[in-house]
2 protein chains.
Amino acid sequence: MKTEDTKSKILDVAQDLIQRIGVNAMSYHHISEAVGIRKASIHHHFPRKEDLLEEVLKRYQLGFTKIVDQIIDSDLSPTTKLRRYMELFEATLQEGNHDKACLCGMLGAELTTIGSSSAGLVKSFYKENEDKIVQILKQGVEQGVFKFPGDVKLTAKMIFSFLEGGLLIVRAQGNLKQFRGMMNQCLKLLGAV
Amino acid sequence: MKTEDTKSKILDVAQDLIQRIGVNAMSYHHISEAVGIRKASIHHHFPRKEDLLEEVLKRYQLGFTKIVDQIIDSDLSPTTKLRRYMELFEATLQEGNHDKACLCGMLGAELTTIGSSSAGLVKSFYKENEDKIVQILKQGVEQGVFKFPGDVKLTAKMIFSFLEGGLLIVRAQGNLKQFRGMMNQCLKLLGAV
DNA sequence: GTCTATAGCGCGATAGAC
DNA sequence: GTCTATCGCGCTATAGAC
């Protein structure tokens with residue numbers, strides 16, 4: 001198999017495992033079984049586990065940013081933009097066996113056990129997402145469709161916190177519909193519906 | 001040392017480690033160094049790691065519930081009650097080296113890797129906290145000090161999600177003041193200030 | 001109740017053949 | 001690029017002396 005295809009498949013499986021069981025519970029053995037190659041072959045592509053984690057994180061953020069930018073750059077209403085944004089998190093919950101959380105939400109809990117380079121990527125994911133939510137909120141406030149008191153940045157941070165935390169809590173409780181319920185409630189609190 | 005004192009110290013250290021690095025990164029070796037006894041002695045008190053985790057969880061929930069009930073049963077205003085409740089989470093962030101999150105927030109990420117008995121305790125912590133927030137919100141709505149649209153239960157779940165997620169995100173970013181900022185913003189969105 | 005010693009396993013990682 | 005084989009380590013857990 002071509003190098004890039006194999007690397008890509010390893011990244012897919014690794015990301016899936018981290019989102020389900022966490023990076024500390026994930027092993028090269030797990031990956032090798034899912035990909036269908038031996039542990040040593042994984043090490044050929046990603047010598048250290050830390051290398052693999054960094055690549056997963058970089059790819060995840062790139063993909064996420066791309067989709068979010070498409071939402072922000074669209075001509076949808078701010079309310080719909082925020083809804084679409086939140087649906088990206090909801091979609092994670094609906095994948096596979098409904099036991100996946102956000103990659104960076106999982107790694108937030110394991111942050112003190114991963115390398116500083118990976119930790120930096122997680123933090124940058126947080127910062128970037130908060131900034132994107134700020135953009136959406138500002139558009140809504142300017143157009144008068146969001147009507148809420150207080151600070152836009154803190155509200156954005158709160159929304160991001162609720163999305164990351166909500167994935168973990170709803171995943172545990174197994175009632176996926178409640179995540180959508182929270183999304184709608186969030187929009188109501190913003191005076192957006 | 002008396003059995004109960006030793007057990008208590010082991011539980012203290014284990015809880016602290018889980019809140020900082022997670023249950024999968026925590027080992028009997030870590031605990032033995034911090035407590036000052038050997039690994040085998042830990043196994044005498046808690047034969048399996050799963051036993052230890054369950055005891056930590058039971059004690060944590062009992063302690064947390066006790067404090068929350070004191071808040072709810074007090075004659076404080078609903079706004080102050082909610083603020084006090086949120087300050088319990090903020091206090092975690094301020095302990096030690098500022099690298100601790102909520103025990104059950106951490107375990108939410110590791111939920112698929114722990115025993116079903118422990119997982120059940122985590123879920124019960126989530127449910128109980130949501131119910132407590134519902135109680136506070138209802139009091140505030142009845143007294144007319146909380147003015148927000150939509151559903152109380154979903155709002156409570158959203159607040160709890162934001163608190164659990166917020167601890168992980170703010171911990172990563174190292175700016176503890178922002179947690180208090182989010183708390184205040186939360187009260188504003190509820191029409192409480 | 002605590003200790004030393006060790007079993008038994010899974011892990012990340014490497015060497016070297018093909 | 002993938003393989004077999006293996007190293008060395010840390011882990012959970014147990015046996016048995018004190």
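Predicted model, so just to flag it, every value in this text is computed and none were measured. Note on naming: letters A, B, ... go to the chains in the order of the sequence lines (proteins, then strands), and numbering restarts at 1 for each one.
- By the 4.0 Å N-to-carboxylate-O rule, B:Asp5 lies too far from B:Lys9 to be salt-bridged with it.
- Rounded to an integer number of Å, the gap from B:Ile31 CD1 to D:dA13 C1' is 14 Å.
- The pair A:Asp51-A:Arg48 counts as a salt bridge, with a side-chain nitrogen and a carboxylate oxygen less than 4.0 angstrom apart.
- Distance, A:Phe46 CZ to C:dT14 P: 15 Å, rounded to whole Å.
- Within residues 112-120 of chain A, no residue is approached by DNA chain C to less than 4.0 Å at the level of any non-hydrogen atom.
- Taking the centre and axis of the six-membered ring of B:Phe46, the NZ or CZ atom of B:Lys7 falls inside the cone set by 45° and 6.0 Å.
- No side-chain N or O of A:Ser41 forms a donor-acceptor pair with one of A:His44 less than 3.5 Å apart.
- The two residues A:Cys102 and A:Thr92 make their nearest non-hydrogen contact at N-CG2, 4.1 Å.
- Every residue two or more places apart in sequence or in another chain was checked for a ring pair (Phe, Tyr, Trp, His ring centres under 6.0 Å) with B:Phe146, and none qualifies.
- For residues 81-122 of chain B, the set of pairs meeting the ring pair (Phe, Tyr, Trp, His ring centres under 6.0 Å) definition, not counting sequence neighbours, comprises B:Phe64-B:Phe89, B:Tyr85-B:Phe89.
- Contact check of residues 5-30 of chain B against DNA chain D (heavy atom, cut-off under 4.0 Å) returns B:Met26, B:Ser27, B:Tyr28, B:His29.
- Under a hydrophobic clustering in which Ile, Leu, Val, Met, Phe, Trp and Tyr are joined whenever their side-chain heavy atoms come within less than 4.5 Å, directly or via other members, B:Leu168 and A:Ile133 fall into different clusters.
- Within the structure, side-chain hydrogen bond (donor to acceptor under 3.5 Å, both in side chains) pairs that include any residue of residues 137-150 of chain B comprise B:Lys81-B:Gln139 (at least two apart or interchain).
- Of all the residues in residues 35-45 of chain A, A:Ile37, A:Arg38, A:Ala40, A:Ser41, A:His44, A:His45 reach under 4.0 Å from DNA chain D with at least one non-hydrogen atom.
- Contact check on A:Glu87 versus A:Arg84 returns a salt bridge, with a Lys/Arg side-chain nitrogen under 4.0 Å from an Asp/Glu carboxylate oxygen.
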